[in-house]
Amino acid sequence: MNRPVLPTAGPGCSDAPVLKERGQHEVFCGLTGIVWLHRKMQDAFFLVVGSRTCAHLLQSAAGVMIFAEPRFGTAILEEKDLAGLADANEELDREVARLLDRRPDIRRLFLVGSCPSEVIKLDLARAAERLTAEHSPRVLVQNYSGSGIETTFTQGEDACLAAIAEKAPATDTARLLLVGALPDVVEDQALGLLRDIGIENVAVLPSARAETTPEIGPHTRFALTQPFLGDTHAALTRRGASHIPAPFPFGEEGTTLWLTAIAEAFGIDRSVVDRVTAAPRARARKAIAARAETLRGKSLFFFPDSQLEIPLARFLTRECGMEAVEVGTPFLHRGLLGPDLALLAPGPGISEGQDVERQLDRVRAAAPDLTICGLGLANPLEAEGLTTKWAIELVFTPVHFYEQAGDLADLFARPLRRKALIGPKISSGGAEGRGADSPPPVAT
Amino acid sequence: MKLSVWTYEGPPHVGAMRVATGMKGLHYVLHAPQGDTYADLLFTMIERRGARPPVTYTTFQARDLGADTAHLFKDAARAAYERFRPEAMIVGASCTAELIQDDPGGLAEALGLPIPVIPLELPSYQRKENFGADETFFQIVKHLAAPQEKTAQVTANILGPTGLGFRHRDDIEEVTALLSDMGVSVNVTAPMGARPADIARLPAAHFNVLLYPETGEAAARWLERNHGQPFTKTVPIGVGATEGFLSEVAAIAGKPVRADRSRLRQPWYAASVDSTYLTGKRVFLFGDATHVAAAARIARDEIGFEVVGLGCYNREFARPIRALAKEYGVEALVTDDYLDVERTIDALQPELILGTQMERHIGKRLGIPCAVISAPVHVQDFPARYSPQAGWEGANVIFDTWVHPLVMGLEEHLLHMFREDFEFHDRAGPSHHASHAPATEPGPRADEEVPDQVRDGGQVIWLDAAEKELRKIPFFVRGKARRNTEVFAAERGMAEISVDTLYEAKAHYAR
């Protein structure tokens, strides 16, 4: 009863065929990660070098505008910047100087590349070196790309953490590194669990402040808390660090397997993990059970969004009794997701990339009980009678580890409970809804 | 290069989306990278639309750039036509696609689709959202409007309403009713609600109502030049402007002014004694030029506020806004930098801000109440109830919207008398809007510490007459009046309090 659930004997979805699609992608670009990264890294400023579209995206993705002057902004390229790159560099230097002058609290500045800056080949790596020389030691200037031509949504965080990992100080000390931007309360829980199984000395990437940037070296072993950190994994590996592969810590099972893998890597006996996790595992199971009553037997369809789709499908099918119809993900990193794929029972279609129109055809045909999709699709699908869950909330809400397992299940149960409460009598009336005059797009 | 933290306007292709999404039977094929689809959520979440915007994004990636992005555009346009079968198509580029210069217009033309395909040239690195909407609507009108006979009866088009517009949904209804009362029926409302076939019928109307110059002026001017349609210059927001608008319509249509004012309550509400406290309240106005100009007139002439500053974020209208500011004896603030706006508001310290969602945030920060009068919009700007800005009902709505964030009449008197009270202080905000109260710590500020002698219980002596006068004050506020008067006397080094001191103190605290 207290033993963690072990991987199934079969290969699960490890060898399942993947439908690879391209076409219209209904996803955010990597700039969106700034919205949570700037809260996590409290002495950092994120300066997007881009267009008015980038600024507008950040403002819209933030949903509610964050009160006070935020620690991110956009250096909006203008006609004259496009004409000559020399001028663009001068302008950038000037804007950075002004910014740092106004914000003496900033210790780390990220120049974030965008679609336009990539297309005009503005070299932000060189700009970062030049600006670091100018503003060090007070400020370290780094760069990464959050452009839509290279990154999808959560890949922005990946690019940012990879950039930090490249430049992080070297060390020969053996140490565990926890990788992925987690809400503080969740990070503290993870560190508490690790301490209780006997791992005291843990570094975290990204660190809240510049001075605690983790050191990395050949004796660093790292555990990922997010499945979208492929480039960060590669950067850490290049620095000599070694990865501890595991399913991702979502749900009771995922958390237990994740902890067990780390314990094993550090030569800690399984019985220690069992003892330490007995109480939180029981709590998590109890919390999940309450929500699973709503979720059990319901079908599930994932549109690609955050790369959390595979581990979440594993959680929802194995721990909540749901049935996955299709699991779409923007990018399938088999190296990182192998353990989760192996646990996912064969059956669901797995798709990578997106042709949103075709995928909408599939979701309408499948008529799942619950559809997980982005904000652009949720209300239109609700208006068609489907029940949806906004995917972005999975990234903006504490969902990792034991104590959040119930909350995670509840994110999916709530739309179903709500539909049961207020019934299917809703229709989106009015001029802005689908009136009699605008038939469903496919049928026209 | 200009550092921007929050923006008042999106890029011009978002303006084009507002036109396309407002219309029916039109599809927009946008050459754009992954990520630009974020704009869909403006319509599906903020405006709560139950259908996706009619936009196909080509979604090119870095690996496509070295190869051929043009075929991506052609494939996307062809597939969009096959799937949605629109009556007309607009094609264009977002900021990134503008740089790779694929010429969406030429590519779409080469496809030979059996529908009108309208190319858009929207310079992303120079212009913004309102320009994008105005230019897109103009191009659609220019391509589709067909010469034709005028209707037998006097009719008008309503030009300017778009998707994601500030109260456009309800303004259309209100203005349609105003015209109907005048005996003028609406030929076409566009872009909102119009199909390409309706755009073709625009020249049948006798004149145009230019409801929102920001998004409809280029089309109105073109229709005037090419189809002999005059357009109205007064935007009917506010009672005076609505009257002016009706006079304009009467002159153009050759009909007497006829209006049903039975539901108009704003003038009486403003005249009622309960509104006396609104007199001379200092207001600052900021937003798009049209709404700011309308709001300035309402503020000064219909509610009796004092306009202490005004401005707009759309530079296209800098000239009329500067002229307007001169008329009001203030300096115009024309900027799209919200930090400039915040600095100005902080310096002016108005009692009420009439602004956008940005100014609402500034107001929260500075502890100044704010009512929203203009885009950029927020989910709260799309209320479930009927809530126009234009016409008679618009005037009613505006009165309520502006007055509710303020402290009410009698409550204000009490606050004035006892400003420094720990729980009844004038920074607590209106009692009926507790959630709007600023997060400032109550209690005296450091520079207004209660002097020692008063705290010690009394080197200040109340003379008999003053003590008697004090007793005339209602008991539930008497203690506070005593305290305020003592503080006032102590600050001035007075040893005794006379009746005069009591009233000087009262005058002081009543500002």
Side-chain angles (χ1 to χ4, degrees), chain A residues 22-31 51-53 55-57 59-61 65 67-70 73-79 81-82 88 91-92 95 98-99 115-116 118-120 147-150 152 357 374-380 382-383 428 430-434 437-438 441-442 444, chain B residues 1-7 9-11 13-14 24 33-45 47-54 56-62 64-65 76 79 83-85 94-96 99-100 123-126 128-129 163 169 192-193 339 357-358 361 364-365 382:
Chain A
R22 65 161 315 169
Q24 177 171 326
H25 288 197
E26 192 77 21
V27 289
F28 286 133
C29 64
L31 295 180
S51 66
R52 179 164 300 279
T53 314
H56 198 233
L57 158 89
Q59 182 162 327
S60 311
M65 284 192 261
F67 198 32
E69 193 180 339
T74 308
I76 297 183
L77 294 162
E78 293 167 309
E79 201 78 340
D81 302 309
L82 306 175
E91 295 260 319
L92 180 61
E95 286 302 331
R98 281 223 304 239
L99 171 69
C115 299
E118 299 292 331
V119 169
I120 65 169
S147 83
I149 56 176
E150 288 157 314
T152 301
E357 305 295 350
L375 296 172
L377 296 175
N379 267 336
E382 289 280 348
S428 71
E432 67 283 11
R434 163 173 295 137
D437 203 33
S438 54
V442 188
T444 24
Chain B
M1 211 175 278
K2 184 169 186 336
L3 182 65
S4 164
V5 182
W6 301 120
T7 67
E9 290 183 74
H13 72 262
V14 167
K24 296 176 159 73
Q34 162 177 277
D36 284 4
T37 51
Y38 82 88
D40 283 0
L41 78 86
L42 304 171
F43 299 90
T44 62
M45 298 304 289
E47 202 174 4
R48 298 183 204 252
R49 282 184 178 262
R52 291 165 62 213
T56 294
Y57 303 81
T58 57
T59 313
F60 56 82
Q61 295 175 313
D64 302 317
L65 291 177
R83 181 173 281 270
F84 298 104
R85 297 282 166 160
S94 78
C95 50
T96 307
L99 297 172
I100 58 178
S124 310
Y125 298 91
Q126 296 168 25
K128 290 178 278 189
E129 180 178 333
R169 176 193 75 189
M192 183 92 110
L339 293 173
Q357 291 292 338
M358 309 276 220
H361 283 268
K364 267 198 216 167
R365 195 152 124 133
F382 293 90

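Model, not experiment: these values are computed from the prediction. Each chain gets a letter, A, B and so on, in the order its sequence line appears, and its residues count up from 1.
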Main-chain N/O of [Y] paired to [X] side chain as donor or acceptor, under 3.5 Å:
X	Y	value
Asn379(A)	Arg48(B)	no
Thr37(B)	Val27(A)	yes
Ser4(B)	Thr74(A)	no
Thr44(B)	Leu375(A)	yes
Glu78(A)	Met1(B)	yes
Gln61(B)	Ile149(A)	no
Gln34(B)	Gly148(A)	yes

Point-to-point distance, once rounded to the nearest 0.5 Å, from CE of Met358(B) to CD of Gln59(A):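 So the gap between those two atoms works out to 4.5 Å.
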
So for [X], is it side chain, backbone, both, or neither that comes closer than 4.5 Å to the heavy atoms of chain B?
X	value
Glu95(A)	side chain
Leu82(A)	side chain
Ser147(A)	neither

Report yes if some heavy atom in the side chain of Ser124(B) is under 4.5 Å from a heavy atom in the side chain of Thr53(A); otherwise report no. no

Tell me, out of Ala62(B), Ser94(B), Pro33(B), who's got the most heavy-atom pairs with chain A below 4.5 Å. Ala62(B)

Before accepting this row, confirm whether a basic side-chain N of the pair Asp64(B)/Arg22(A) lies closer than 4.0 Å to the acidic partner's carboxylate O.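 A salt bridge links Asp64(B) with Arg22(A).
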
Centroid-centroid under 6.0 Å between Tyr38(B) and His56(A) rings: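 Here the rings of His56(A) and Tyr38(B) have centres that are less than 6.0 Å from each other.
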
Proximity breakdown for Leu3(B) and chain A, heavy-atom pairs closer than 4.5 Å: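 Contact with chain A: backbone and side chain both.
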
